[in-house]
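Values below: all heavy atoms of this structure, side chains included; hydrogens, waters and symmetry mates excluded. Every chain is numbered from 1 and lettered A, B, ... according to where its sequence line falls, protein lines coming before strand lines.
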Amino acid sequence: MTTLFALCDCNNFYASCERVFNPALNGKPVVILSNNDGCVIARSNEAKEQGIQMGEPYFKIRNLVENKLVDAFSSNYVLYGDMSDRVMQTLSQFTPNLEVYSIDECFLDLSGFSSTNLLNYAWEIKQTVHQWTGIPVSLGVAPTKALAKLANKLAKKSSKANGVLVLTNPFHIRKALEATKIDNVWGIGRQYATFLKKRNVHTAYDFTQLSENWVRQHMTVVGVRLLKELRGESCLDLEDVAPAKKGICTSRSFGARVNTFEDLQEATASYAARCARKLRQQKSCAKVITVFVNTNQFSERDSQYHASKTICMPVATSSDMELTQYAIIALKAIYRDGYLYKKSGVYVTDIVPENQIQYDLLDKVNRDKHSKLMGVIDNLSDRFGRSKVRVATQGFKNTWQLKSDFKSPFYTTKLNDIPTVYLR
DNA sequence: TCTGGGGTCCTAGGACCC
DNA sequence: TCTGGGGTCCTAGGACCC
């Protein structure tokens, strides 16, 4: 059976989420800012037209915002995550097999749908998602994932396509490849784009004309897969069950200057607890934990310090208490007085399924008790909001907390207004 | 003053083993 | 003077994605 994929991509997703609950924003330039309101990470079409770049630091557009020429929002991932779930739920009505590729993108397996009118079907998907969730989406349909990605980009760009493009006819596929700059091909980043352009490869079509050996030599097997995909040979399968993550990282830049061990400890303990929660959500435990700290790399005035410490724990765990405990041990090993810290993070690896843990005969931890306690904490978190119950080292000063001055309300979920409980 | 966060995959090279 | 070759594992680094 020939393969057929649709890629459904939400248009300007974060900006669209804000608009669903604030229709006054429609037709206006809207940007969403990164954590700490540092830089622009999403833009409405109108903001793009104003020339605001992806990744632009906030201070460069502050004037526009203060003069009400652009509306800016701090990122509200709770809202975006919830809206994403609604979109994916809606999409699951249209095929038994789908792959949630990112917060705003989804591959739909349409193999076996070749006898349906694909253009009509894609339009029906687009309209249904908009009607049920308020989010505008674009769809690209093609025999491989890489071509579906490419079709999706053209669908957005072309006023004729108006958000839906089906690429099954070889002639249309060739035209689409010719119309796509090599920089815009999925899997070609800045380095490869520069490299290829030097060798006169300027479009996706040029790329498909290269020899497999040459591509393997210069771009590894990853490049060869892309080559085949663009030629119409499907090499990337739909991953309908998300594989367990092999590494989980929680890290943040601080909203304010951090120069005491206590503040750094609060932040790092909180990140360790976040990692623990992410582990429990995918029913895994981790054996190895790494803590890292950085000073502000952009500051020419401050003295710089980067350090990390990795600890291999006796038994793989997903307990808040255990992970925070080891995180603090690691932090103590790398902490140095006299620096202004900008960022810290916790990274857990050597992840194993929670039912396949190698136990240690000398283990002193009551794992049964920990796991029951974590179950209770997770329930409380689900009901009352994240971090309402926490290990005491996570603290309460929160001087390191993120800056987020323009956050929209949690329209779709409960507000975090319950007092926090501390565990010891 | 102010510049995000969280992932994946692949390769090369060194250490080590038989 | 002779001083192989194949395999595995680990790590660091580089590329990419959203």
With a 6.0 Å cut-off (strictly less than), is the heavy-atom count around CD of Gln93(A), excluding the residue itself, greater than 12? yes
How long is the line joining NE2 of His218(A) and P of dC16(C), in whole Å? 15 Å
Does Thr250(A) put a side-chain nitrogen or oxygen below 4.0 Å from OP1 or OP2 of dG5(B)? no
Selection: residues 241-249 of chain A, any non-hydrogen atom under 4.0 Å of DNA chain B: Lys245(A), Lys246(A), Gly247(A), Ile248(A), Cys249(A)
To the nearest Å, how far apart are Glu229(A) CD and dC9(B) C1'? 15 Å
Looking at every strand, decide which applies to Glu105(A) at a 4.0 Å heavy-atom threshold: base, sugar-phosphate, or nothing. sugar-phosphate
In whole angstrom, give the distance that lies between atom CD of Gln53(A) and atom C1' of dT3(B). 14 Å
Under 5.5 Å between ring centres and under 30° between planes: does that hold for Trp186(A) against the base of dC17(C)? no
Residue pair Thr290(A), Thr310(A): steps toward the side chain to side chain donor-acceptor pair (under 3.5 Å) verdict: CA-CA 4 Å; Thr290(A) 299; Thr310(A) 299; 2.9 Å; yes
Among dG4(B), dC10(B), dA15(C), find the nucleotide with the atom closest to the side chain of Tyr192(A). dA15(C)
State whether Ser34(A) places a side-chain N or O below 4.0 Å from either non-bridging phosphate oxygen (OP1 or OP2) of dG5(B). no
Nearest whole angstrom, please: distance from the P of dC9(B) to the CD of Gln191(A). 21 Å
Aromatic plane relationship, Tyr339(A) with Tyr305(A) - under 30° parallel, 30 to 60° tilted, over 60° perpendicular: parallel
For the residue pair Thr95(A) / Asp109(A), report whether a side-chain donor-acceptor contact shorter than 3.5 Å exists. no
Base, sugar-phosphate, or nothing: which does Ile188(A) touch, judged by heavy atoms less than 4.0 Å apart? sugar-phosphate
Within this structure, what is the CD-to-C1' distance between Glu99(A) and dG7(B), rounded to whole angstrom? 14 Å
What class does the angle between the rings of Phe254(A) and Tyr271(A) fall in, given that below 30° is parallel, 30 to 60° is tilted and above 60° is perpendicular? parallel
A correct dot-bracket answer for DNA chain C, with pairs being Watson-Crick or G-U at under 3.5 Å, [ ] for crossing pairs and | for inter-strand pairs, is ....||||||||||||||
d(OH, Tyr347(A); P, dG6(B)) in whole Å: 11 Å
Checking side-chain polar atoms at under 3.5 Å, does Asn76(A) have a donor or acceptor matched by the opposite partner on Ser408(A)? yes
Touch check for Val185(A), heavy atoms < 4.0 angstrom, all strands: base, sugar-phosphate only, or nothing? sugar-phosphate
Distance below 4.0 Å between Arg252(A) side-chain N/O and dG6(B) OP1 or OP2: yes
I want to verify a distance call: between dC17(C), dG5(B), dC10(B), whose nearest atom is closest to the Val222(A) side chain? dC10(B)
Can you tell me if the side-chain N/O atoms of Lys149(A) get under 4.0 Å from OP1 or OP2 in dC17(C)? no
Checking side-chain contact (heavy atoms from CB on, under 4.5 Å) between Phe5(A) and each of Leu238(A), Leu110(A), Leu147(A), which is the one that passes? Leu238(A)
Side chain Glu56(A), main chain Ile61(A), donor-acceptor under 3.5 Å: no
Which of parallel (below 30°), tilted (30 to 60°) and perpendicular (above 60°) describes Trp186(A) and Tyr101(A)? perpendicular
With side chains defined as the heavy atoms from C-beta onward, is the minimum distance between Glu354(A) and Lys283(A) less than 4.5 Å? yes
Quiz question: by atom type and distance under 3.5 Å, do the side chains of Glu178(A) and Thr203(A) form a donor-acceptor pair? no
For dT3(B) versus dC18(C), give the span between their P atoms, rounded off to a whole number of Å. 25 Å
Please classify the nucleic acid contact of Arg190(A) as base, sugar-phosphate, or nothing, using heavy-atom distances under 4.0 Å. sugar-phosphate
Once you round it to whole Å, what is the distance between C1' of dG4(B) and OH of Tyr271(A)? 12 Å
If you look at every strand shown and take non-hydrogen atoms under 4.0 Å, does Asp104(A) touch a base, only sugar-phosphate, or nothing? sugar-phosphate
Find which nucleotide of DNA chain B each of Lys278(A) and Gln297(A) is nearest to by heavy atoms, and output the residue with the more 5' nucleotide. Gln297(A)
Among the nucleotides dC17(C), dT3(B), dT11(B), which one has an atom lying closest to any side-chain atom of Tyr101(A)? dC17(C)
dC10(B) OP1/OP2 closer than 4.0 Å to side-chain N/O of Arg225(A): yes
Whole-Å gap separating C1' (dT8(B)) and CD (Gln282(A)): 14 Å
